[in-house]
Trainee: 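Provided herewith is a single structure, encoded as structure tokens, for subsequent inquiry.
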Amino acid sequence: MRIIWLGHSGFRMEIGDQVLLVDPWLTGNPMFDPARREEAIGGASHILVSHGHGDHAGDAVALAKELGVPIVCVHELATLWGGEVEAIGFGKGGTVALGEVRVTLVNATHSSSIDTGGTLGIAGSEAGFMIAGEGKTIYFSGDTDVMADMGVFQDLHAPEIGILACGGHYTMDMERAAYAAKRFFDFETVIPCHYKTFPLLAQSAEPLIAALPEVQVIEPEVLVAITL
């Protein structure tokens, strides 16, 4: 599989027979070069959205229309978007099969809202994903703090790869993410995200790397593939 960072919390995942765009915020993302847009989105089969905030969901509908692919998200967002695009809505604990890949919606602790013309509307509940394919499972945390639920995630899914939002301020920081990885998971590989984007967020993953000496912590580079 190939995991390709799009900056912030956006990823292109080439796994099994699928090309998944996960929280692909491109428009206005200061880490993303618009000139490389086709490279980022070409051939996508589905768009996964963890929650309604603009830095995760802002491009979802436009991309779904452009690419002619479904959005996979929590039920309430699917209901909001279903009149415009194909949307596959499901709930936490639910699993959908996308070709050879299985995606389970799991809990996160954050918030979820969507801009409806200058006011914030309810956008269901924040979530993360367990993405299973090619004999491995990726835990995409979405925006979250540490949760005791993570122990259940390990028991049920045993993810080898953790993509953790850990820039601080809006999500857990590097130290809290390291605690989560050590306390609840048995990761082989950890990839930090939701950092570097703005000065308010952490600019380096060194505290995470230092705290997880037995784990391969990979600081991603935008549009540079990580092959696992």
Trainee: Kindly compute the distance separating NZ (Lys65) from CD (Glu84), expressed to the nearest 0.5 Å.
Mentor: 4.5 Å

Trainee: With a 4.5 Å cut-off on side-chain heavy atoms, are His53 and Ser111 touching?
Mentor: yes

Trainee: At their closest point, which heavy atom of Ala225 faces which heavy atom of Arg2, and how far apart are they?
Mentor: CB-NH1, 3.5 Å

Trainee: Measure the shortest side-chain to side-chain distance between Ile226 and Ile4 over non-hydrogen atoms and say whether it is less than 4.5 angstrom.
Mentor: no

Trainee: Between the main-chain N or O of Leu212 and the side-chain N or O of Glu214, is there a donor-acceptor pair closer than 3.5 Å?
Mentor: no

Trainee: Under a 3.5 Å threshold, yes or no: a donor from one side chain and an acceptor from the other, between His56 and Asp143?
Mentor: yes

Trainee: Mind checking whether Asn29 and Leu6 have side chains closer than 4.5 Å, heavy atoms only?
Mentor: no

Trainee: Identify the heavy atoms of His194 and Ala165 that sit nearest to each other, and give their distance.
Mentor: CB-CB, 3.7 Å

Trainee: Between Thr144 (side chain) and Thr109 (backbone), is there a donor-acceptor pair under 3.5 Å?
Mentor: yes

Trainee: If I take atom CZ from residue Phe129 and atom CZ from residue Phe11, how far apart are they, to the nearest 0.5 angstrom?
Mentor: 13.0 Å

Trainee: What do the steps show when you test Leu164 against Met172 for side chain to side chain contact (heavy atoms under 4.5 Å, CB included), and what is the final call?
Mentor: CA-CA 9 Å; Leu164 307 180; Met172 56 188 173; 4.2 Å; yes

Trainee: For atom CD of Glu221, is the number of surrounding heavy atoms from other residues, nucleotides or ligands below 6.0 Å larger than 12?
Mentor: no

Trainee: For side chain to side chain contact (heavy atoms under 4.5 Å, CB included), just list the numbers for Leu223 and Asp33, CA-CA rounded to whole Å, side-chain angles, deciding distance to a tenth of an Å, and then say yes or no.
Mentor: CA-CA 9 Å; Leu223 288 172; Asp33 180 358; 5.8 Å; no

Trainee: Within a strict 4.5 Å, meaning less than it, do heavy atoms of the Leu105 and Val74 side chains meet?
Mentor: yes

Trainee: Using a 6.0 Å cut-off, check whether atom CZ of Phe90 has over 12 heavy atoms from anything other than its own residue.
Mentor: yes

Trainee: Is there a donor-acceptor pair under 3.5 Å between the side chain of Gln203 and the backbone N or O of Phe198?
Mentor: yes

Trainee: If we ignore hydrogens and angles and just use 3.5 Å, is the side chain of Lys136 paired with the main-chain N or O of Ile131 as donor and acceptor?
Mentor: no

Trainee: Would you mind reporting whether Trp5 and Met31 have side-chain heavy atoms less than 4.5 Å apart?
Mentor: yes

Trainee: Checking the side chain of Glu14 only, and the main-chain atoms of Met1 only, is there a donor and an acceptor separated by less than 3.5 Å?
Mentor: no

Trainee: Should Met174 and Val217 count as side-chain neighbours, where that means a heavy-atom distance under 4.5 Å?
Mentor: no

Trainee: Which heavy atom in Ser112 sits nearest to a heavy atom in Ser125, and how many Å separate them?
Mentor: CB-C, 4.0 Å

Trainee: Heavy atoms only: give me the nearest Ala40-Leu21 pair and the separation to one decimal.
Mentor: O-CD2, 3.5 Å

Trainee: With a 3.5 Å distance limit and no angle check, can you tell me whether Ser45 reaches the backbone of Val19 through a side-chain donor-acceptor pair?
Mentor: yes

Trainee: Is there a donor-acceptor contact under 3.5 Å linking the side chains of His8 and Asp55?
Mentor: yes

Trainee: Which is it for Ile138 and Ile3 under the side chain to side chain contact (heavy atoms under 4.5 Å, CB included) test, yes or no, and what are the steps along the way?
Mentor: CA-CA 10 Å; Ile138 301 166; Ile3 298 172; 4.0 Å; yes

Trainee: Are any side-chain N or O atoms of Asp23 and backbone N or O atoms of Gly142, one a donor and one an acceptor, separated by less than 3.5 Å?
Mentor: no

Trainee: Answer yes or no: is there a side-chain heavy-atom contact under 4.5 Å between Phe153 and Asn107?
Mentor: yes

Trainee: Can you check whether Gly42's main-chain N or O pairs, donor with acceptor, with Arg12's side chain at less than 3.5 Å?
Mentor: yes

Trainee: Does the side chain to side chain contact (heavy atoms under 4.5 Å, CB included) test come out yes or no for Glu66 and Asp59, once each step is laid out?
Mentor: CA-CA 10 Å; Glu66 177 182 348; Asp59 284 322; over 6 Å; no

Trainee: Under the 3.5 angstrom rule, does the side chain of His110 hit a backbone N or O of Tyr170 as a donor-acceptor pair?
Mentor: yes

Trainee: Indicate yes or no: at least one non-hydrogen side-chain atom of Leu48 is less than 4.5 angstrom from one of Leu98.
Mentor: yes

Trainee: Are the side chain of Trp25 and the backbone N or O of Thr27 linked by a donor-acceptor pair below 3.5 Å?
Mentor: yes

Trainee: Trp81 and Ala60: which non-hydrogen atoms are nearest, and at how many Å?
Mentor: CH2-CB, 4.2 Å

